[in-house]
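Data block below; observations after.
Computed from a predicted structure; not experimentally measured. Numbers for residues simply follow the sequence, beginning at 1.
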Amino acid sequence: MNFASDNAYAAHPAVMGALNDANSGAMMGYGADPVTARAQEAIREVLEAPEAVVRFVSTGTAANALVCAQLSPPYGRIYCHDDAHIETSECAAPEFFSHGAKLVTLPGQGGKLDPATLAQALRVGAGAGLNGGKSAMVSITNATEWGTVYSPAEVAALAQIAHQAGLPLHMDGARFANAVAHLGCSAEDLTWRAGVDALCFGGTKNGAMAAEAVVFFDPALAEGFDYRRKQSGHVFSKNRYLAAQMLALASDGLWRDLAARANAHAQVLAYAVLEGGGTLLQPVQSNAVFATIPADIHARARAAGALYYLWPDKSAEGLDPVPLRLVCAWDTPEADVAALAAILRG
């Protein structure tokens, strides 16, 4: 029973089939192939953004870091949440690829930036001068690192503040599909219609093998991005293998269906936590459950072979109750979900 991460499970058969279909004959390299063209158009159609620039990379870290480097100069200030993935989990890649940009981290409940807090930080940043650097961009994560979800209205409120300060808004969407599936809204309502300027549209955590889409809704913001992607080693010679994965997910709403399946598994576990006397640390709005459970239930889960991280302190063994994170994937076996749920209920 593996609930450690949604990247622990398999690529979807449609993704593998698309890879096999692309694995035939000769095609031009470096993205000049028909598979890449179809995948780019499919992403534009999903987002209802016909003018958007779409490029593919193999990891979420690459996607986020390269967008940060694209939107921020080396002396820039990048505003994000304290728990943003670009702050906690990317080994300073945004700072490295931007050649020195500074992450300015801000508090907020449930992994979400608060408009008033952001507005105050931007006011302070505007007066930082040479000593503090120049405010450059705002980055949010949807779904967040705590599994919560920004609504279109919440995104729009942050975008308005960023844009009033002359800054673009980036969305780290490693679990974008889970956010859309939870909200039941359209992809465009959660992105460009709400004011998002650049999106990292995740595939790897949602049925792909290793593929992410970088989307710039304003083509002017993407000027020079291909050189940056090449310099970082993310222009693949056989780019069709990246593109084929995202093409499969973008076809017939598969990306949304897989996310909805993972979200539903998380809801089962959330109810079980509560029934067993545990506490939810955050509302369960995507495919992750952040909770505390009694130590004896934790011991039983471990004895049954359940894998998951203690959270936020991964060395929190011995606490009672035990804080943990459970993450479901599109193909987490229903039998495993049921088995863990039975243990959580006590």
Using atom types as modelled, flag every donor-acceptor pair under 3.5 Å from a side chain in residues 28-36 to any protein atom, sequence neighbours excluded.
{"residue": "D33", "atom": "OD1", "partner": "V35", "partner atom": "N", "Å": "3.0"}
{"residue": "D33", "atom": "OD1", "partner": "T36", "partner atom": "N", "Å": "2.7"}
{"residue": "D33", "atom": "OD1", "partner": "T36", "partner atom": "OG1", "Å": "3.2"}
{"residue": "D33", "atom": "OD2", "partner": "T36", "partner atom": "OG1", "Å": "2.8"}
{"residue": "T36", "atom": "OG1", "partner": "N239", "partner atom": "ND2", "Å": "3.0"}

Side-chain donor or acceptor of W192 paired with backbone N/O of L47 under 3.5 Å: yes
Heavy-atom closest contact (A39 atom, F56 atom, distance): CB-CZ, 3.6 Å
Is there a side-chain contact between P321 and H298, using heavy atoms and a 4.5 Å cut-off? no
Identify the two heavy atoms, one from A4 and one from V327, that lie closest to each other, and give their separation to 0.1 Å. O-CG2, 4.0 Å
With rounding to the nearest 0.5 angstrom, report the CE to CE distance, M16 to M209. 4.0 Å
E41/R44 salt bridge by N-O under 4.0 Å criterion: yes
Check: E188 side chain, A49 main-chain N or O, donor-acceptor pair, under 3.5 Å: no
Side-chain heavy atoms under 4.5 Å apart, restricted to Ile/Leu/Val/Met/Phe/Trp/Tyr: what other residues fall into the cluster of L340, or is it alone? M1, F3, V268, L269, V273, L274, L280, V284, V289, I293, I297, Y308, L310, V322, L324, L326, V337, I343, L344
Smallest heavy-atom separation, A262 atom then N178 atom, equals CB-ND2, 4.2 Å
Are a donor atom and an acceptor atom from the side chains of E87 and H81 found within less than 3.5 Å of each other? no
Determine whether more than 12 heavy atoms belonging to other residues, nucleotides or ligands lie under 6.0 Å from atom CD of Q231. no
Between C68 and E95, does a side chain to side chain contact (heavy atoms under 4.5 Å, CB included) hold up when you go through it step by step? CA-CA 8 Å; C68 287; E95 297 95 324; over 6 Å; no
Answer yes if I78 and M171 sit in the same cluster of Ile, Leu, Val, Met, Phe, Trp and Tyr residues linked by side chain heavy atoms under 4.5 Å apart, and no otherwise. no
Under 3.5 Å, side chain of N263 to main-chain N/O of N287, donor-acceptor pair present? yes
For the hydrophobic clusters of this structure (ILVMFWY residues joined by side-chain heavy atoms under 4.5 Å, transitively), does one cluster hold both F217 and L221? no
Q120 side, atom CD; D114 side, atom CG - distance, nearest 0.5 Å: 11.5 Å
S232 (side chain) donor-acceptor with R229 (main chain) under 3.5 angstrom: yes
I'd like to know if the side chain of D252 reaches the main chain of L254, judged simply by a donor and an acceptor atom lying under 3.5 Å from each other, with no hydrogens or angles considered. no
CD-CE distance between Q70 and M137, expressed to the nearest 0.5 angstrom: 10.5 Å
If you compare all heavy atoms of A143 against all heavy atoms of V149, which two are closest, and at what distance to 0.1 Å? CB-CG2, 4.0 Å
Does H12 have any ring-ring contact (aromatic ring centres under 6.0 Å, His included) partners at least two apart in sequence or in another chain, and if so, which? W330
Does any N or O in the side chain of H182 come within less than 3.5 Å of the main-chain N or O of Q285, such that one atom is a donor and the other an acceptor? yes
Is there a chain of hydrophobic side chains (I, L, V, M, F, W, Y, each step under 4.5 Å between heavy atoms) that links F176 to V196? yes
So with a 6.0 Å cut-off around CD of Q109, is the heavy-atom count from everything else above 12? no
Qualifying residue, where the test is side-chain contact (heavy atoms from CB on, under 4.5 Å) with L169 and the options are T191, D197, L71: D197
Is Y75 atom OH crowded by more than 12 heavy atoms from other residues, nucleotides or ligands, each under 6.0 Å away? no
Min side-chain heavy-atom separation L258-L249 under 4.5 Å: yes
Can you tell me how far the CD atom of E154 sits from the CG atom of L113, to the nearest 0.5 Å? 11.0 Å
Would one find more than 12 heavy atoms of other residues, nucleotides or ligands at under 6.0 Å from atom NZ of K102? no
Test item: V57 and C200 side chains (from C-beta on) under 4.5 Å apart, heavy atoms: no
Pair H99, F97 - check side chain to side chain contact (heavy atoms under 4.5 Å, CB included), show working. CA-CA 5 Å; H99 301 289; F97 282 100; over 6 Å; no
Give a yes or no on this: more than 12 heavy atoms of other residues, nucleotides or ligands lie within 6.0 Å of atom CG of D320. yes
Would you mind listing the cluster partners of W146? Hydrophobic ones only (ILVMFWY), side-chain contacts under 4.5 Å, chaining allowed. L281, F290, Y309, W311
Report the distance from atom CD of Q282 to atom NZ of K112, rounding to the nearest 0.5 Å. 9.5 Å
Any chain of hydrophobic side-chain contacts (each under 4.5 Å) joining L66 to F96? yes
Shortest non-hydrogen contact from A250 to V46? O-CG2, 3.8 Å
Single-linkage hydrophobic cluster L167~V215, side-chain heavy atoms < 4.5 angstrom: yes
Taken to the nearest 0.5 Å, the spacing of T204 OG1 from M246 CE works out to 8.0 Å
R77 side-chain N/O to L103 backbone N/O, donor-acceptor pair under 3.5 Å: no
Which pairs, with at least one residue in residues 278-296 and sequence neighbours excluded, count as a salt bridge (Lys or Arg N to Asp or Glu O under 4.0 Å)? none
Got a donor-acceptor contact below 3.5 angstrom from the T59 side chain to the A62 backbone? yes
So, do P333 and Y9 sit near enough that their side-chain heavy atoms are less than 4.5 Å apart? yes
With a 6.0 Å cut-off on the ring centroids, do F216 and F225 count as close? yes
In short, side chain to side chain donor-acceptor pair (under 3.5 Å) pairs touching residues 132-145 with sequence neighbours left out are Y79-S135, S139-H170, T144-T148
Determine the minimum heavy-atom distance between C328 and A266, stating which atoms define it. SG-N, 3.7 Å
